[in-house]
Amino acid sequence: MELLAEGREAEVFALDEHRVLRRFRSPDRDAGPAAGLLDRLAGLGYPVPRVLSYDGPDLVQERVHGPRMSEAMTTGALALADGARMLASLHDRLHALPDEPAGSGALLHLDLHPENVLIGQDGPVVIDWSNARHGPPGLDVAMSGLILTQVAVARPELGAMLAAFVRTYLSSSATDPTAYVDEAVALRRSDPFMTAAELDEMEQSRDLLVSLCRSGG
């Protein structure tokens with residue numbers, strides 16, 4: 001099988017031109033809840049890959065042909081500002097879905113950034129729902145902003161571009177994340193996959209996000 005992508009929790013393999021296998025690294029991980037979430041989102045009209053089957057840690061999904069949003073912006077196929085507005089729209093659409101069960105709050109992705117959006121033939125498709133849970137929309141927007149400012153701090157050569165992206169993203173979002181920045185930082189710090197360098201740079205990333213919230217929100 002051809003390895004298409006790998007993350008901290010899963011690997012994605014091409015099975016053929018129409019299917020991919022998302023395999024969780026832990027053999028004890030049950031792909032059933034992830035499949036159920038994707039089925040529900042697809043039923044509500046939200047752009048996610050269609051689930052074909054699942055078994056244990058393995059989830060077979062339709063293959064979306066197209067670049068990641070990050071790649072599309074790097075090559076110029078997608079303008080930076082258009083990508084930022086697209087990301088904000090994807091968040092707004094997600095948070096507007098009916099809560100299930102009732103009273104549980106909005107569904108949050110908590111890892112929605114340009115690496116987790118594929119630009120397919122019919123538009124953007126959101127992938128990697130491993131961190132999804134219910135909660136306040138502001139936390140979701142703050143988390144995306146924090147992930148992006150972490151990259152800006154770690155890679156100064158991308159700092160100006162990412163700051164412009166985040167500023168447009170925040171100004172285009174229906175939700176003001178300012179009150180949830182510190183909660184996003186705490187949640188990010190609790191991630192066991194954070195490196196020592198990422199943890200050391202967390203406060204600088206937080207300060208940059210707060211500054212962008214003030215100037216772009």
Side-chain angles (χ1 to χ4, degrees), residues 1-79 82-84 86-98 100 106-134 140 143-144 147-148 150-151 165 188 191-195 198:
M1 293 186 295
E2 177 190 0
L3 179 65
L4 295 178
E6 55 183 328
R8 290 164 170 172
E9 294 192 358
E11 297 173 311
V12 180
F13 301 91
L15 296 178
D16 53 41
E17 284 299 300
H18 306 289
R19 300 176 302 154
V20 297
L21 167 65
R22 179 178 174 82
R23 173 170 288 164
F24 289 106
R25 293 185 181 276
S26 171
D28 298 326
R29 182 75 176 266
D30 178 14
L37 173 61
L38 290 173
D39 280 341
R40 176 175 177 262
L41 286 167
L44 291 170
Y46 195 79
V48 293
R50 185 164 55 92
V51 173
L52 302 175
S53 65
Y54 62 92
D55 181 31
D58 293 348
L59 178 63
V60 178
Q61 302 168 275
E62 69 169 325
R63 185 172 182 176
V64 178
H65 291 278
R68 294 175 187 266
M69 179 189 285
S70 54
E71 180 185 349
M73 291 189 297
T74 299
T75 62
L78 178 67
D82 290 340
M86 182 184 293
L87 193 69
S89 175
L90 288 168
H91 256 142
D92 292 344
R93 289 173 61 186
L94 177 63
H95 301 151
L97 295 177
E100 185 181 302
L107 179 62
L108 314 182
H109 186 284
L110 292 178
D111 199 20
L112 187 48
H113 52 77
E115 284 287 300
N116 281 336
V117 179
L118 300 176
I119 308 299
Q121 293 181 343
D122 298 323
V125 178
V126 179
I127 61 173
D128 196 353
W129 293 80
S130 300
N131 296 335
R133 73 180 205 195
H134 292 89
D140 213 5
M143 181 62 78
S144 292
I147 291 170
L148 290 164
Q150 281 187 273
V151 179
F165 181 93
R188 194 77 170 148
D191 184 341
F193 296 110
M194 284 289 99
T195 66
E198 288 172 324

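For the single chain, residues carry numbers from 1 onward in sequence order.
- Electrostatic pairing of D16 and R63 does not count as a salt bridge here, judged by no charged N lying under 4.0 Å from a carboxylate O.
- In terms of modelled atom types and a separation under 3.5 Å, the side chain of E62 and the main chain of R50 share a donor-acceptor contact.
- Counting only distance, with no hydrogens or angles, the side chain of S144 and the backbone of L112 share a donor-acceptor pair below 3.5 Å.
- Closest heavy-atom contact between V64 and G120: CG1-CA, 3.9 Å.
- In terms of heavy atoms, P47 sits closest to P124 at CB-O, 3.1 Å.
- When atom types are taken as modelled, the side chain of Y46 and the backbone of L90 share a donor-acceptor pair closer than 3.5 angstrom.
- Between the R23 side chain and the E11 main chain, no donor and acceptor come within less than 3.5 Å of each other.
- Between L118 and H65 there is no side-chain heavy-atom pair separated by less than 4.5 Å.
- Residue D140 forms a side-chain hydrogen bond (donor to acceptor under 3.5 Å, both in side chains) with just one option from R133, H109, H91, and that option is H91.
- Formation of a donor-acceptor pair under 3.5 Å by the H113 side chain with backbone atoms of S70 is not found in this model.
- N116 places a side-chain N or O within donor-acceptor distance of the main-chain N or O of D111, the cut-off being under 3.5 Å.
- Contact of the V48 side chain with the L37 side chain is not registered, since no non-hydrogen atoms from C-beta on lie closer than 4.5 Å.
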